[in-house]
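Remarks on the structure that follows.
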Amino acid sequence: MRTLIANAKIRQEGKDIIRHIIIEKGKIVAISRGSGGMTPAYDARGNYVIPGMIDPHVHFRYPGMTEKEDWEHASRAAASGGIVAVVDMPNTQPPLLTTALLDEKHQHVKRHSLVDYGFHFGASADNLDEVSHASRRPFVASTKVFLNLSTGRMLIEDDATLEEAFRRSRMVFCHAEDDQVWRAIGIALRTGARLYLCHISQAKELAYLRKARRMIHEKGLRARIVAEATPHHLFLNDADAKRLKGFGMMKPPLRPEKDRRALMRALLDGTIDTVGTDHAPHTLQEKKGMSPPYGVPGVETALPLLLDLVNRGRLSLERLVRLTSSGPAQALGIRGKGSLAVGMDADLVMIDMDLSQEVETSRLLSKCGWSPFAGKVLKGWPIATFIRGTKVYELSGGRKVIASRHRGRPLTFA
Ligand code: DOR
Ligand code: ZN
Ligand code: ZN
């Protein structure tokens, strides 16, 4: 059976064109001028259709922390934010340090995720054989290493163990802050690993990154370095942290305006490769308490924040798609996803560029029920999300409507 999405506005080589998207068995089979006499399953009515966001960095909290978030809530929230696939972090309770737990988690997620998914595996000082095994699973994107203390207990202190973890992994996702970024880069250069630097947040870290890339280029090294920025580091600063109190606390912390601006420039000039939300919810109660845990939710606001930037003439739609879809697909080696082209999965998001809406906590689908962006008015919102040709989300009469019977599938990482 073929499905038609009619009258989609598509950005191609700097120009807007109206096309009909024809889908079969979950894949785009044609992007054509004519509808071939088919009845549209969905009429985009001239709204933009872009490839869905792939979020390389989320904490959906299963197992053991599901009072903060769970896969039903989080994956619905993601779909409503225009996200079609997520890759989940291992700092759960217990942490994801064994393939036995990985397989149990996969079985759970398979039954509960609306969006497509993959996993980052955890590393500790004594699970390196498990790292080797997990790295052979096609749905494991990377090994996550923490170079600074954070939520969960997965810190590796010595360089020799870290090097071994780098060598055994398809890719290494790294939580490093400040000078630890340079340490991570050093290990990547020595081992020739593919390194993904999570949540770059400071001008100093950007300087390390640029220097490393120059070295790789000049010396012809094998290492590859990918850099991520989060929406909270791009759109909030340390003054917001004061205002937000516990709700503005995360690791790395919100930075001074000078760093925020440097990060925004790096997003626009191509130094930053991906936007990852670092969706890391905690309960309202925890955040209001005496010592709030670090982390903020992000999957429902990432695309609207970036679309608002497009509307203000600061970011091109092409660059947005690069950062949220084709960039992550390329960085993680995700097959068959990340662009609106014949042969690719029909992971599509329809955008109303003229819709202005306030971020309202009452509208959020995430289990945590709050957002550091609450009260912000943003222009440009996802109004429908399709995953492999199936509509999973629609904004209908101002209400978020979810196709709750759809089930996500595992991603495949090269
Ligand atoms: O703010 C953060 N929250 N930073 C992290 O590194 C972990 C995350 C979480 O899991 O809560
Ligand atoms: Zn982190
Ligand atoms: Zn994180």
Side-chain angles (χ1 to χ4, degrees), residues 55-71 74 78 83 86-97 105 117-124 141-156 171-178 180-181 183-184 195-202 205 226-236 238 240-241 244-255 263 272 274-287 289 291-299 302 328 332 366-368 370-373:
D55 189 345
H57 184 169
V58 302
H59 301 259
F60 281 3
R61 305 300 195 198
Y62 179 88
M65 301 163 108
T66 49
E67 73 286 355
K68 301 175 193 282
E69 185 63 286
D70 61 39
W71 275 82
I83 293 169
V86 298
V87 192
D88 189 56
M89 285 295 170
N91 59 332
T92 48
Q93 198 49 255
L96 191 62
L97 296 168
K105 178 169 176 171
Y117 55 84
F119 305 105
H120 301 290
F121 196 67
S124 68
S142 87
T143 305
K144 173 72 182 284
V145 304
F146 288 84
L147 269 56
N148 302 81
L149 211 47
S150 192
T151 307
R153 299 179 313 264
M154 297 198 311
L155 195 65
I156 302 184
M171 184 169 195
V172 172
F173 263 54
C174 188
H175 178 122
E177 300 176 31
D178 216 78
Q180 293 295 319
V181 167
R183 180 166 162 233
L195 172 66
Y196 182 107
L197 294 167
C198 295
H199 42 55
I200 291 289
S201 66
Q202 299 184 95
E205 297 167 357
V226 177
E228 171 196 85
T230 71
H232 44 273
H233 294 115
L234 285 165
F235 293 97
L236 300 171
D238 59 354
D240 294 301
L244 290 163
K245 306 204 177 68
F247 298 95
M249 282 172 62
M250 76 289 288
K251 274 180 185 276
L254 295 175
R255 303 294 189 183
L263 186 64
I272 293 293
T274 64
V275 170
T277 65
D278 202 357
H279 181 83
H282 298 279
T283 66
L284 264 172
Q285 227 168 12
E286 290 170 318
K287 282 300 210 179
S291 50
Y294 299 108
V296 294
V299 290
L332 278 72
S366 164
K367 192 169 183 176
C368 73
W370 58 273
S371 162
F373 301 105

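Just so you know, ligand 1 is whichever comes first in the structure, and atom 1 is the first atom listed for that ligand. The shown structure was predicted, so the numbers you read here are calculated from the model rather than taken from an experiment.
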**OP:** Could you check Arg183 against Leu147 for side chain to side chain contact (heavy atoms under 4.5 Å, CB included), going step by step and ending with a plain yes or no?
**Re:** CA-CA 9 Å; Arg183 180 166 162 233; Leu147 269 56; 3.9 Å; yes
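- With respect to Lys367 and Asp70, a salt bridge is recorded, a charged nitrogen being found less than 4.0 Å from a carboxylate O.
- Checked against a 3.5 angstrom limit, the closest N/O atoms of Asp278 and ligand 1 fall outside it.
- Contact analysis puts Arg61 in contact with ligand 1, with a non-hydrogen atom separation below 4.0 angstrom.
- Under the 3.5 Å distance criterion, the side-chain polar atoms of Lys251 are left unmatched by any main-chain donor or acceptor of Gly295.
- With hydrogens and angles disregarded, a donor-acceptor distance shorter than 3.5 Å links the side chain of Glu286 to the backbone of Thr283.
- Taking any N or O of Met250, backbone or side chain, none lies under 3.5 Å from an N or O belonging to ligand 1.
- The atoms of ligand 1 that sit less than 4.0 Å from any heavy atom of Ala280 are 3 (N), 8 (C), 9 (C), 11 (O).
- In summary, the atoms of ligand 1 found under 4.0 Å from a heavy atom of His282, numbered by their order in the structure, are 11 (O).
- No side-chain heavy atom of Pro328 sits under 4.5 Å from any side-chain heavy atom of Asp55.
- Counting heavy atoms under 4.0 Å from ligand 1, residue Met89 does not touch it at all.
- Aromatic ring orientation, His120 versus Phe173: tilted (interplanar angle from 30° to 60°).
- Heavy atoms of Val296 found under 4.0 angstrom from ligand 1: none, in either backbone or side chain.
- Judged purely by atom type and a 3.5 angstrom limit, His233 uses its side chain to pair as donor or acceptor with the backbone of Pro252.
- To the nearest 10 degrees, the Zn ion (ligand 3) sees NE2 of His59 and NE2 of His57 at an angle of 110°.
- Checked by distance only, ligand 1 and His59 come closer than 3.5 Å through their nitrogen or oxygen atoms.
- Using modelled atom types, no side-chain atom of Trp370 and backbone atom of Val296 make a donor-acceptor pair closer than 3.5 Å.
- Taking the N/O/S atoms of Asp278 in turn, the shortest distance to the Zn ion (ligand 3) belongs to OD1.
- Residue contact annotation: Met249 has no non-hydrogen atom under 4.0 Å from ligand 1.
- Look at His199 and the Zn ion (ligand 3): no N/O/S atom of the residue is under 2.8 Å from the metal.
- Panel note: side chain Glu205, backbone Asp178; a donor-acceptor pair is recorded below 3.5 Å.
- Coordination check, His175 versus the Zn ion (ligand 3): failed, since every N/O/S atom of the residue sits at 2.8 Å or beyond.
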